[in-house]
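Letters A, B, ... are given to chains in the order of the sequence lines, protein chains preceding strands, and every chain is numbered from 1. Note that this is a predicted model, so its numbers are computed, not measured.
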Protein chains: 2
Amino acid sequence: MPRLRDVPTTAAPTLEDVAARARVSTATVSRTLNTPSMVSAATRERVMAAVEALGYAPNFGARAMAAKRTNTFGAIIPTMENAIFARGLQAFQEELGHNGITLLVASSSYDPALEEEQIRALVARGADALLLIGHDRTEAAYELLDRRRIPYLAAWVHDPASVRLSIGFDNRAAMQALADKVLGLGHRHLGAITAPRAHNDRARARFEGIEAAMRARGLDTARLQVEEMAYSIENGAEAFRRLMARAPRPTAVLCGNDVFAAGALMAAREMGLSVPGDVSVTGFDDIELAGIVTPALTTVHVPHREMGRRAAQMLVALCAGADPGPSVKLETTITCRTSLRPPPGTACHQTFT
Amino acid sequence: MPRLRDVPTTAAPTLEDVAARARVSTATVSRTLNTPSMVSAATRERVMAAVEALGYAPNFGARAMAAKRTNTFGAIIPTMENAIFARGLQAFQEELGHNGITLLVASSSYDPALEEEQIRALVARGADALLLIGHDRTEAAYELLDRRRIPYLAAWVHDPASVRLSIGFDNRAAMQALADKVLGLGHRHLGAITAPRAHNDRARARFEGIEAAMRARGLDTARLQVEEMAYSIENGAEAFRRLMARAPRPTAVLCGNDVFAAGALMAAREMGLSVPGDVSVTGFDDIELAGIVTPALTTVHVPHREMGRRAAQMLVALCAGADPGPSVKLETTITCRTSLRPPPGTACHQTFT
DNA sequence: GTATGCAATGTAAGCCATTACATTCATCGG
DNA sequence: CCGATGAATGTAATGGCTTACATTGCATAC
């Protein structure tokens, strides 16, 4: 049986160890590491050699305590279980990386109390700034952030009514545009699958977008069949089944996101329903999944990467005391794939792209 | 235009502030928070009231420095871009939560140098223990961990040849079983899509599993067509296209994971190839995606949640100085869906479940 | 040659919580 | 009624780093 090499245990080397080895003061070592320009080239070399030899890595806690900043940002997203926030967050992280900033991520499970707790935890950990999703959170959370003057930014939303700095898109208008397209194809019996709207402004706005589209065409929003469930593929499937059991049966189901829509497609297949032959399905977000499922989803495309990148830039500016500029509104587009078509029984020559 | 409420800015309250307000010493406050049983009920109440009133949260850095532990574990996974590690990590995190431990996650992009850097960063941040994926990493990384006596655990692998503690499954045997099933159906021209094997023992083992299955049936492994690319849907599609251009064209493509397989299915559809009519495709991991794509993937099911949960238990034990037990080998199974069938031209009455 | 300024480096005061050790005080046995 | 005991609390050292301020030494200007 193989044996582990014996490695001598060593306490973590400290600044002092490095200083002793390089025969300088701890201040010089610190400067070499943080503001190299303040140190002569010869000294710098000697210090770096010592750092190298000792495998020195600064103790984070000590550094944070002394410097009062950590070069760490935090992000709290509702969930990591699906890819909805993955791409945006990836871009956010990359951009932070270019600025020498580390990202700490936490998830709140769409629960305001948990989000507040996570905010507290990240602040205690010394996060210099926070990226949050949407505007819906507890009063206490806002108070904490404002009291401590922690810069923060709400992403994934653009709500003209809010004073808080944000970067995102108009969820309501985006969904309204999609719903209008659906109605334009002749659909009159719509179903909607939405996430719980209580603490989720994005879900609320998207849902209102559907209602707005209907009202704009003089349709009674009471005709809209609704299922409200937590985001998940399985729930999307379940909600779809329920909608198909309603009377009148919807000819188009608008899903609050692509994950729901993927579940709906699965359920449709199981029920022997053809999409888009018997019923149309739309998504929202245009995550990778949307292009993979069969039929590929017609959905709202969101510029996730740009949102993440620019969010990072704004927060960095904010932290530096610079002007981050006003809230940013990004444009969404509708990505037309194959899951949306006119309702059954519509003349074939009708255009529907 | 709405205006922000004016919130009085306050520096973060410290232990001393709390102590002053509760008219006790800082030691008593600390004890109230960490070992409440050592404090009288009356004092405890007074202290907690002060904590509440001030919105006090202990400064993480200071605590880490004084206590020499952080109740924080770290995990470094190769990627967050797809769901491969999501479920296992979720379970890991949940189990840690039950033990009052916070999880910090970093990703290495399958790059050993970056992983080493991340390890260093997490250690500097005071991680009490680390969860790592696989056994392939730099000598320096191992040395660092051993020197500092940071408990760590390799997950997603079970390699009998390694001394290092691990929890996972036998990637080689699992893939061999699947490949054997494919060969058993009559396929003789196999294609493989693998992740870069250089620094990835899981990818290597899975690939060797295919070769082993072929050898066990007396087949020449030279007949195996290989494409090696980084994990991604698009790369899976590209690799599949290339394999289909080879002669002889494979009748079954074994993918290193479900993400590749999803890409392969997409490419097949674009090329007008029927799966599994013209060509079979298999995955690995059985992530949610596997059941969603059309056709649904035949793949290797991995007990991700159990792996995550037990990994947490082992690391917690290790940290407590208790015996974590030996390395754990988990069993995988083959999940049969519809993407695998005998090669075209095979008699129809043949069983292939 | 002296005054001046500046670059390079050193000294030491914090930052905030934990905890070993010291102190206080009430209770109990004898 | 005294000393011993132990629960409750306080005192102060400690940890590793940054940075304001102090010092040094050299080049430049006059």
Side-chain angles (χ1 to χ4, degrees), chain A residues 10-48 50-51 54-72 100 120-121 123-128 148, chain B residues 10-48 50-51 54-72 100 120-121 123-128 148:
Chain A
T10 321
T14 70
L15 247 206
E16 207 169 337
D17 299 332
V18 178
R21 191 175 229 270
R23 288 176 307 131
V24 294
S25 70
T26 59
T28 300
V29 178
S30 176
R31 282 192 279 257
T32 309
L33 264 29
N34 299 309
T35 46
S37 64
M38 295 183 68
V39 170
S40 75
T43 311
R44 203 183 315 156
E45 235 165 81
R46 217 152 19 100
V47 171
M48 291 314 285
V51 165
L54 265 45
Y56 170 78
N59 175 310
F60 196 80
R63 170 180 284 207
M65 205 156 60
K68 292 171 192 290
R69 66 194 156 58
T70 56
N71 285 326
T72 299
R120 215 174 281 280
V123 168
R125 273 204 150 67
D128 294 332
R148 300 276 180 88
Chain B
T10 320
T14 70
L15 248 206
E16 207 170 335
D17 299 332
V18 178
R21 191 174 228 272
R23 286 175 309 131
V24 294
S25 71
T26 60
T28 298
V29 178
S30 177
R31 280 191 281 256
T32 308
L33 264 30
N34 298 310
T35 46
S37 65
M38 294 183 70
V39 172
S40 76
T43 311
R44 204 183 313 155
E45 233 165 81
R46 215 148 26 98
V47 171
M48 290 314 285
V51 166
L54 266 46
Y56 170 78
N59 176 310
F60 196 81
R63 171 181 284 210
M65 204 155 59
K68 290 168 196 295
R69 70 199 151 57
T70 56
N71 286 326
T72 299
R120 215 174 282 279
V123 168
R125 274 202 148 69
D128 294 331
R148 301 276 180 89

Categorize [X] for me: base, sugar-phosphate, or nothing, with a 4.0 angstrom heavy-atom threshold over every strand shown.
X	value
B/V29	nothing
A/T28	sugar-phosphate
A/F60	nothing

Separation of [N] [atom2] from [X] [atom1] (nearest whole Å):
X	N	atom1	atom2	value
B/M65	D/dG16	CE	C1'	6 Å
B/D17	C/dC15	CG	C1'	13 Å
A/L15	C/dG10	CG	C1'	14 Å
B/R46	D/dA8	CZ	P	14 Å
A/E16	D/dT14	CD	C1'	13 Å
A/R23	C/dT9	CZ	C1'	14 Å
B/R69	C/dA17	CZ	P	15 Å
A/Y56	D/dG16	OH	P	10 Å

Heavy-atom pair with the smallest gap, counting every atom of [X] and [Y]:
X	Y	answer
A/G55	B/R120	O-NH1, 3.8 Å
B/V47	B/V18	O-CG1, 4.2 Å
A/R44	A/P36	NE-O, 3.5 Å

**OP:** Go through the side-chain N and O atoms of A/R125 and B/T72 and say whether any donor and acceptor fall under 3.5 Å apart.
**Re:** yes

Original post:
Reckon A/T14 has a side-chain N or O less than 4.0 Å from the OP1 or OP2 of D/dG16?
Top reply: no

Original post:
Quick one: is A/N59 getting a side-chain N or O under 4.0 Å of the D/dG15 phosphate, OP1 or OP2?
Top reply: no

Original post:
Between A/T26 and A/A41, which has a closest nucleotide on DNA chain C that is more 5'?
Top reply: A/A41

Can you give me the N/O atom pairs linking the protein to nucleotides 20-23 of chain D at distances under 3.5 Å, or say none if there are none?
none

Original post:
Between B/S40 and B/G61, which has a closest nucleotide on DNA chain D that is more 5'?
Top reply: B/S40

Subject >> Min side-chain heavy-atom separation B/R31-B/S37 under 4.5 Å >> reply: no

Original post:
About how many Å separate OG1 of A/T70 and CG of A/D128, when rounded to the nearest 0.5 Å?
Top reply: 3.5 Å

Original post:
Once you round to the nearest 0.5 Å, how far does CG of B/D17 lie from OG1 of B/T26?
Top reply: 11.5 Å

Original post:
Looking at the side chain of A/R63, which of D/dT9, D/dC17, C/dT9 is the nearest nucleotide?
Top reply: D/dC17

Subject >> B/S30 side chain, from C-beta outward: closest of C/dT18, D/dG10, C/dT9 >> reply: C/dT18

